[in-house]
There are 4 protein chains.
Amino acid sequence: MPPSGRALIRGVDAETEPGTRRRGRPRDPELEQRVLTAAVQEYAERGWAGLTMDGVARRAGVGKSTLYLRWPDKDALLAAAVKDMGAASQAIDTGGLRSDLEVLARSLHTFYADPTGWAMTRIMIDAAGSGEQLGGFAEVVNGIYRPAALAVFERAVARGEARPDIPAQLVVNVVYGTEIVYAMMRPWDEKEGVVPDPEEAVRRLVDFCMAGMGPWLTGQ
Amino acid sequence: MPPSGRALIRGVDAETEPGTRRRGRPRDPELEQRVLTAAVQEYAERGWAGLTMDGVARRAGVGKSTLYLRWPDKDALLAAAVKDMGAASQAIDTGGLRSDLEVLARSLHTFYADPTGWAMTRIMIDAAGSGEQLGGFAEVVNGIYRPAALAVFERAVARGEARPDIPAQLVVNVVYGTEIVYAMMRPWDEKEGVVPDPEEAVRRLVDFCMAGMGPWLTGQ
Amino acid sequence: MPPSGRALIRGVDAETEPGTRRRGRPRDPELEQRVLTAAVQEYAERGWAGLTMDGVARRAGVGKSTLYLRWPDKDALLAAAVKDMGAASQAIDTGGLRSDLEVLARSLHTFYADPTGWAMTRIMIDAAGSGEQLGGFAEVVNGIYRPAALAVFERAVARGEARPDIPAQLVVNVVYGTEIVYAMMRPWDEKEGVVPDPEEAVRRLVDFCMAGMGPWLTGQ
Amino acid sequence: MPPSGRALIRGVDAETEPGTRRRGRPRDPELEQRVLTAAVQEYAERGWAGLTMDGVARRAGVGKSTLYLRWPDKDALLAAAVKDMGAASQAIDTGGLRSDLEVLARSLHTFYADPTGWAMTRIMIDAAGSGEQLGGFAEVVNGIYRPAALAVFERAVARGEARPDIPAQLVVNVVYGTEIVYAMMRPWDEKEGVVPDPEEAVRRLVDFCMAGMGPWLTGQ
DNA sequence: TTCTAAACGAGACGGTACGTCCCGTCTTGTG
DNA sequence: CACAAGACGGGACGTACCGTCTCGTTTAGAA
């Protein structure tokens, strides 16, 4: 949110302008990372309900005022922590559409199985409901994860595996959505084949998607 | 939680035994509905973050002790409210698998578009993360919604439209999951075809699923 | 402040109407005293600067919310604590004006020497400066201490020791004021006769007052 | 605090040695006065509770570090501000003890009526209670104001109006103390003759003191 | 009818976290 | 070196809410 309404709170995204050196003591660049790490650790030990601003501050060796200097409230810190956590997103390129999708589905499966990974989705859900941008968190998902997934299809098209009008967005949504449902169901229902073993689940989902994309796949 | 550990709290499910008439003043039968309605209204006005036990009690004209007499904590009340809200779940039976799936997808799309409906998913997500049963809320989803959706496939098999080993669970997950992703994305991304207009979105999702189920569909 | 403007906050003076039994759980009558005592103890151990609402709450075994339910803020609690502390004010009646004044001056001297007693004056000074009523604290001083001192002169008049137009208010002010100055000076100046030993100080002050009142004293 | 323990803070009294020209940028001579004025203004607008170091710094157009370079803490700045404010203390010499006392009492009365003047007493009270020296503030009072008042009696003795053993300290205390009580009572009690009109109050107080000093006054 | 158990409204209570404010220290760049 | 700016660790404040408790009142079946 570059042209933010009120100038008093500069927020964590400030100081991005290259030349303009600010006056006063500069913000400690390490500090932000230290806090984010502390937040994730705190979460790991106490769960989301037990995640306290005081707790994060204490663990990071930071004053509470500093937290609120950078993030307007707990939600924003939360979002930043998760955002930071998922920053490492590598491209998928195994050489084939089917195996690429398997990698994607499998990594999502693992990601959501980890409570920290799952929290990311939880936050997106909250954000979607409240109408808040939640610190631009969604931009990360839509700006990093989704493009990475879409690139899989672009490469498939380039290789001649699929026609250019393949509904990539839909398939991405299907894969993400189904994995979310798997993660949602896990705590309750481990029987009945709703949540089969991971490898089986991934295989069947990809089978289904390949069949669904049939009309757009070339014979080769 | 039928065989609840502690006997002090009888909970909202108590008094189901037919003959045993309890001594003392009987519970007000209207009250429960009044509270649940108040909770939903309170949510509609203030959002989930602003949903307060005191607020619900005040709006329902009820003492806080009464709330805790019936629901063990806020989560349970929340779950009950949403559960009550979604109680009206009718069977889907249009006579054809494709049109049944369209009805299912379309009703989910509408349901998630409504903030109250979306809240239901939000609660499930929260519950899945915290490891809590959230007052048996998940049972409703897995016990009512999912069976209603699975029945669609049973009828298709009965009609001879699909083979008995059709992966019904997977398709249900795909439809639910994709609609969840649509709902998640809505606030941010109305362009690029990620969230197309509802009717188009439903049609394309069902097309995809029908193609994905191809191997299990009979020629007829 | 009986007909207080806003009815939402009832304050500590509420519930004085005899017949009207309030609804809801009644306030714990011991609690108030427990808190006040805790406040004084906390002060004794940590000094006024170290007097914390959390500290008082913890020592009294009370929630912070309860403190703020009864006293609007720290100043009010402070005032109440000191007020409560000085509630025990006994009449002075030795049978003679001179000896009565000596008792008054001596008790003030001792009172101000004690840090808790001195705090009372400190609060009055603060209150006078801020223009606040500080919880009606001043009423105690002007309603209890001053009348008790004035009674000394009334009795002297009744005994025929002094004429009825004796400037009692002035003399009371002189005694109080001079003792305040003694207390103020004590920490710095123990030499030069500014603050002589207590007994001497009292005697000389009373001597001075008796001489000052000369015109209003009867020969006997 | 000339031989201050820690050498890091040179304090406001530094640089008094005549010849020793320091290295580096010299201290801005106006700055100190600007800060002190800002402190008094800030007090006048917001009251003592609202007196903030940041606020003073901002109003004086000064960095906070500069404040702490010259005064060790808030109390010291406070003391310096009040001290500076009352620096203008002129000798009293009307030619007669009685009229001198009237001038003294009247100027005290006016001084305490002004909130800034009253603040000075408030600070002394605080200082006396906390056991702190409050930046040597008391020295000012005992070193400037008191001698000025005592000089009145010295001159009276020199003129032959009073005997040398007149209890000057006591009378000074009486005058100061009584005026303090007047100032304390003002906000609450404007009736009953506790706080009569200024001129009357002064006259009666001096009358009383003159009578009290009777034994030490010469016939002349 | 009288007694007794439970539901109910009201609101006090202990506790915990929030987000704000301020103090006194520090670390920059500029004069 | 002084100085303005402002980040920083620390800690108290006053608010809000949770879930529990203790009252007095109401409602019914049991005695």
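Each chain gets a letter, A, B and so on, in the order its sequence line appears, and its residues count up from 1.
- Contacts of D/Arg58 classified as side-chain hydrogen bond (donor to acceptor under 3.5 Å, both in side chains), with partners at least two apart in sequence or in another chain: none.
- Taking the nucleotide of DNA chain E with the nearest heavy atom to each of A/Gly50 and C/Arg34, the more 5' of the two is matched to C/Arg34.
- A donor N or O paired with an acceptor N or O is found under 3.5 Å between the base of E/dA10 and the side-chain atoms of B/Ser65.
- Under the salt bridge (Lys or Arg N to Asp or Glu O under 4.0 Å) criterion, D/Lys74 pairs with no residue, sequence neighbours left out.
- The side-chain hydrogen bond (donor to acceptor under 3.5 Å, both in side chains) search around A/Arg46 returns A/Glu42, not counting sequence neighbours.
- Counting non-hydrogen atoms under 4.0 angstrom, A/Leu51 reaches the backbone sugars and phosphates but no base.
- Atom pair B/Leu31:CG and F/dT27:C1' shows a separation of 14 Å (rounding to whole Å applied).
- Across every non-hydrogen atom of A/Arg27 and A/Leu69, the tightest pair is NH2-O, 3.6 Å.
- Distance from the side chain of C/Met53 is smallest to F/dG14 among E/dA10, F/dG14, E/dC26.
- Rounded to an integer number of Å, the gap from D/Arg70 CZ to F/dA2 C1' is 9 Å.
- Counting to the nearest Å, the P atom of F/dG11 and the CG atom of A/Leu67 are 15 Å from each other.
- Residue A/Arg25 places its side chain closer to E/dC26 than to any other of E/dC13, F/dG9, E/dC26.
- With sequence neighbours left out, the side chain to side chain contact (heavy atoms under 4.5 Å, CB included) criterion links D/Val62 to D/Leu31, D/Arg34, D/Val35, D/Ala60, D/Thr66, D/Leu67.
- Distance from the side chain of B/Lys74 is smallest for F/dG19 among the nucleotides E/dG11, F/dA16, F/dG19.
- Among E/dG14, E/dC8, E/dC21, the nucleotide with an atom closest to any side-chain atom of B/Thr66 is E/dC8.
- Following rounding to the nearest Å, C/Arg27 (CZ) and F/dC21 (C1') show an atom-to-atom distance of 16 Å.
- A/Arg23 has its CZ atom 12 Å from the C1' atom of F/dC3, to the nearest Å.
- Proximity of residues 57-64 of chain C to DNA chain F (heavy atom under 4.0 angstrom from any strand atom) is restricted to C/Lys64.
- When each of B/Asp73 and C/Asp54 is assigned the nucleotide of DNA chain F with its nearest heavy atom, C/Asp54 is the one assigned upstream, toward the 5' end.
- The separation between B/Leu69 atom CG and E/dA6 atom P is 11 Å, rounded to whole Å.
- Judged by closest nucleotide on DNA chain F, A/Pro29 is the one of C/Gly55 and A/Pro29 placed further toward the 5' end.
- With sequence neighbours left out, the salt bridge (Lys or Arg N to Asp or Glu O under 4.0 Å) criterion links B/Asp73 to no other residue.
- Interface remark: the C/Thr52 side chain does not form any donor-acceptor pair with the F/dG11 base, using a distance-only criterion of under 3.5 Å.
- When all heavy atoms are compared, the tightest approach of C/Trp71 to C/Ala80 is NE1-CB, 3.3 Å.
- Here the C1' atom of nucleotide F/dA5 and the OH atom of D/Tyr68 are 15 Å apart, to the nearest Å.
- Atom CG in B/Leu78 sits about 14 Å away from atom C1' in F/dC18, given to the nearest Å.
- Closest approach of C/Ala39 to C/Leu51, counting heavy atoms only: O-CD1, 3.4 Å.
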